[in-house]
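Written out below as structure tokens is the structure these notes cover.
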Amino acid sequence: TASRRVKPRKEDASTLDAVVLEAVVAELDATDRAAAGALGRASDAVGAADWRAAAEHSAVAQELAWKVLHTGHWTEVAPVWRAAYAAACHCAAVA
């Protein structure tokens, strides 16, 4: 029997990722509450399969993280911002 690849559903993408997103949001909250809030709302929207809200909130989180990532020398940017940008991009992709 030939093995078939099963295409993951959007709902499956939010299961494991919620744990990772929660950790990033918690760490980001100590640095920037607005970015943490936007990313948290994007994560919640993905979990609720509210794709429009997920896209909107992830766009806000991406923009906030992008601004920090592109200000100053890259070695001076806290690693949480790279994780936040990646998490926001992930939410946008799932949405």
Side-chain angles (χ1 to χ4, degrees):
T1 349
S3 81
R4 264 198 293 173
R5 270 185 98 170
V6 177
K7 185 177 177 183
R9 298 172 304 165
K10 287 184 178 181
E11 295 82 12
D12 297 335
S14 64
T15 308
L16 177 61
D17 301 326
V19 175
V20 174
L21 285 167
E22 264 184 46
V24 173
V25 169
E27 188 175 350
L28 189 59
D29 192 47
T31 306
D32 187 316
R33 286 186 176 245
L39 185 56
R41 287 187 295 278
S43 175
D44 291 345
V46 167
D50 184 352
W51 309 123
R52 181 179 297 202
E56 290 172 2
H57 293 301
S58 61
V60 171
Q62 283 176 309
E63 184 178 342
L64 292 170
W66 189 91
K67 286 179 181 178
V68 173
L69 289 171
H70 291 86
T71 302
H73 195 268
W74 70 270
T75 57
E76 296 171 358
V77 177
V80 69
W81 286 106
R82 287 184 270 289
Y85 186 76
C89 289
H90 175 78
C91 286
V94 170

Next on the checklist: Would the distance check show the side chain of His90 and the main-chain N or O of Ala86 forming a donor-acceptor pair, the cut-off being under 3.5 Å?
Outcome noted: no
Item to check | Minimum heavy-atom distance Val80-Val24, with the two atoms named | outcome: CG2-O, 4.1 Å
Checklist outcome for this item: In terms of heavy-atom contacts, Leu21 and Ala87 come closest through CD2-CB, 3.1 Å
Next on the checklist: Taking side chain to side chain donor-acceptor pair (under 3.5 Å) as the definition, give me every residue that meets it alongside Glu22, ordered by chain and number, with sequence neighbours left out.
Outcome noted: none
Which residues pass the side-chain contact (heavy atoms from CB on, under 4.5 Å) test with [X], sequence neighbours left out?
{"X": "Ala45", "result": "Asp50, Ala53, Ala54"}
{"X": "Ala34", "result": "Asp32, Leu64"}
{"X": "Ala55", "result": "Ala95"}

Checklist entry - Which side-chain hydrogen bond (donor to acceptor under 3.5 Å, both in side chains) pairs, counting each pair once, include a residue from residues 72-86, with sequence neighbours left out? => result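 Every side-chain hydrogen bond (donor to acceptor under 3.5 Å, both in side chains) pair that includes a residue of residues 72-86, provided the two are not neighbours, is His73-Thr75.
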Checklist entry - Are Leu69 and Val60 linked, directly or through other ILVMFWY residues, by side chains that come within less than 4.5 angstrom of each other? => result no
Next on the checklist: Run the side-chain contact (heavy atoms from CB on, under 4.5 Å) test on Cys91 and His57 for me, step by step, so that the C-alpha distance in whole Å, both residues' side-chain angles and the decisive distance to 0.1 Å come before the verdict.
Outcome noted: CA-CA 9 Å; Cys91 286; His57 293 301; over 6 Å; no
Checklist entry - Do any pairs count as a salt bridge (charged side-chain N to carboxylate O under 4.0 Å, His left out) and have a residue in residues 56-75, sequence neighbours left out, and if so which ones? => result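 Pairs touching residues 56-75 that pass the test: Glu63-Lys67.
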Next on the checklist: Show me the pairs that pass salt bridge (charged side-chain N to carboxylate O under 4.0 Å, His left out) and involve residues 84-95, at least two apart or across chains.
Outcome noted: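 For residues 84-95: none.
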